[in-house]
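Have a look at the structure below, then the notes.
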Amino acid sequence: MKQIIPFISNSDNDTQTEWLNSLRQAMPNYRILPFAELTSHDKTESTVAIVANPSIAEVDQLPNLKWVQSLWAGVENLVKSELDMSVKIVKLTDERLSQTMVEAAIASTFYLHREIPVYRRQQIVGEWSQRPVALASERTVGVLGLGALGACVANQLATLNFNVFGWSRSVRSGEKGDNAPEVECFHGQNGLMEVLRRSEILIVLLPLTQETHGLLDTKKLSVLPKGASVINFARGPIVVEQDLLGLLDSDHLNHAVLDVFDHEPLEPSHAFWQHKQITVWPHIAAPTDKRSASRIVAINLDKYFVVGEIPRTIDREREY
Ligand code: NAP
């Protein structure tokens with residue numbers, strides 16, 4: 001008798017079908033069932049569920065649930081939902097996702113480093129004008145957040161010769177075994193100011209929590225050197241939209257590459273679309289790859305059912 005695993009999602013029907021196909025292919029030893037197909041016995045027996053934008057009312061109908069496996073790396077909606085505090089949350093940690101984010105970060109860092117937005121504007125008005133060229137080793141990049149994604153991004157940029165500064169909540173010892181060995185690391189509010197003061201390009205890869213919501217406002221963004229640029233690949237509300245616009249308009253900041261927004265999809269009337277110093281991406285920096293994510297979920301479920309081990313979970317108090 002195959003173990004039943006509930007799949008709970010509010011995504012549209014096509015997306016749910018794609019997920020079910022991918023999960024079932026990666027886990028032929030389990031029966032993955034959408035909520036609507038669970039019997040009351042299935043609901044009572046389930047101790048783990050796979051979730052993607054789930055209805056909490058449905059999750060609540062699994063009385064013996066111990067943990068949920070999210071299909072996303074960002075779990076702020078689950079964390080701030082009414083999900084019972086006893087239910088552990090496992091976010092998606094996938095090397096393929098980290099590598100996708102590294103590629104997005106490298107692309108946008110070089111885009112800013114080689115001043116492509118300036119040449120694009122010059123092209124529109126037919127202006128032939130050459131600017132001095134700096135080497136990566138003459139450019140400083142700050143990475144806020146040194147987790148599964150930020151640490152990979154920071155290490156790779158350092159390998160490409162950028163001077164990289166990283167910021168996290170906890171102290172990095174700088175010793176072997178740290179996840180950002182190529183990077184000068186800072187923590188705490190003073191550390192944040194230090195990283196901001198030095199960063200000509202700032203990459204945001206923090207989770208959205210009560211502490212990071214609105215973190216980058218006028219006061220903090222003004223600490224960046226004049227002419228600095230911002231890349232937000234984390235979550236929109238970490239950077240205060242109006243404050244960012246104000247600093248771009250006053251030319252304190254040079255450019256912003258934004259993949260994430262307060263409201264997605266970005267409304268057609270939003271000022272970001274037409275702003276010449278903003279590059280808009282439609283939340284595609286590092287999408288979840290269904291096949292790869294399904295393989296990770298399969299490994300996690302096997303560990304849980306074979307040796308009783310729940311993968312590393314979100315700290316519900318810390319929110320990430
Ligand atoms: P993660 O592994 O949880 O790492 C979070 C990092 O942020 C850690 O280094 C943590 O510090 C640091 N941090 C958290 N709160 C902090 C605070 N208050 N002060 C200083 N540092 C703080 O997260 P991840 O997997 O790297 O993902 C980061 C975010 O990227 C996700 O939450 C999601 O929102 C976003 N994302 C975006 C896309 C996209 O396509 N745009 C795709 C995937 C994910 P410690 O190391 O000290 O704990």
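Quick note: residue numbers are just sequence positions, from 1. Remember, it's 1-based here, ligands and their atoms both numbered in the order they're listed. Hydrogens, waters and symmetry mates play no part in the numbers below; they use all other heavy atoms, side chains included.
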Checklist entry - Hey, what do you get for CG (L258) to CG (N232), rounding to the nearest 0.5 Å? => result 6.5 Å
Protein contact of [atom] - nearest heavy atom, named by residue and atom, plus distance:
atom	result
atom 19 (N) of ligand 1	W167 CH2, 3.2 Å
atom 8 (C) of ligand 1	G147 N, 3.7 Å
atom 25 (O) of ligand 1	K91 NZ, 2.5 Å
atom 28 (C) of ligand 1	L205 O, 3.5 Å
atom 35 (C) of ligand 1	A234 O, 3.7 Å
atom 40 (O) of ligand 1	A286 N, 2.9 Å
atom 46 (O) of ligand 1	R172 NH2, 2.8 Å
atom 29 (C) of ligand 1	L206 O, 3.7 Å

Checklist entry - Between G145 and ligand 1, does any nitrogen or oxygen pair lie at a separation below 3.5 Å? => result no
Next on the checklist: Pairs of nitrogen or oxygen atoms closer than 3.5 Å, one from I284 and one from ligand 1: do any exist?
Outcome noted: no
Next on the checklist: Check contact between T209 and ligand 1, using heavy atoms of the residue and a distance below 4.0 angstrom.
Outcome noted: no
Checklist entry - So is E319 in contact with ligand 1, going by heavy-atom distances below 4.0 Å? => result no
Checklist entry - Is it true that a side-chain atom of Q122 and a backbone atom of S129 form a donor plus acceptor pair closer than 3.5 Å? => result yes
Next on the checklist: Under a 3.5 Å distance rule, please check whether S250 uses its side chain to pair with a backbone N or O of L247 as donor and acceptor.
Outcome noted: yes
Checklist entry - Do the ring centers of Y119 and Y111 come within less than 6.0 Å of each other? => result no
Flag the pair [X] and [Y] as a salt bridge only when some basic side-chain nitrogen lies within less than 4.0 angstrom of an acidic carboxylate oxygen.
X	Y	result
D178	R172	no
E211	R169	yes
E194	R198	yes

Item to check | side chain to side chain contact (heavy atoms under 4.5 Å, CB included) evaluation trace for M101 with V153 | outcome: CA-CA 7 Å; M101 185 59 91; V153 164; 4.1 Å; yes
Between [options], which one has a non-hydrogen atom sitting closest to [atom]?
atom	options	result
atom 7 (O) of ligand 1	S98, P207, G166, S168	P207
atom 18 (N) of ligand 1	R169, E211, H283	E211
atom 27 (O) of ligand 1	L258, V75, L149	L149
atom 3 (O) of ligand 1	F233, F186, Y320	Y320

Next on the checklist: So which atom in V195 and which in G166 form the shortest heavy-atom distance, rounded to 0.1 Å?
Outcome noted: CG2-O, 3.9 Å
Next on the checklist: Walk me through whether F261 and H283 qualify under ring-ring contact (aromatic ring centres under 6.0 Å, His included).
Outcome noted: CA-CA 8 Å; F261 305 91; H283 203 138; 8.5 Å; no
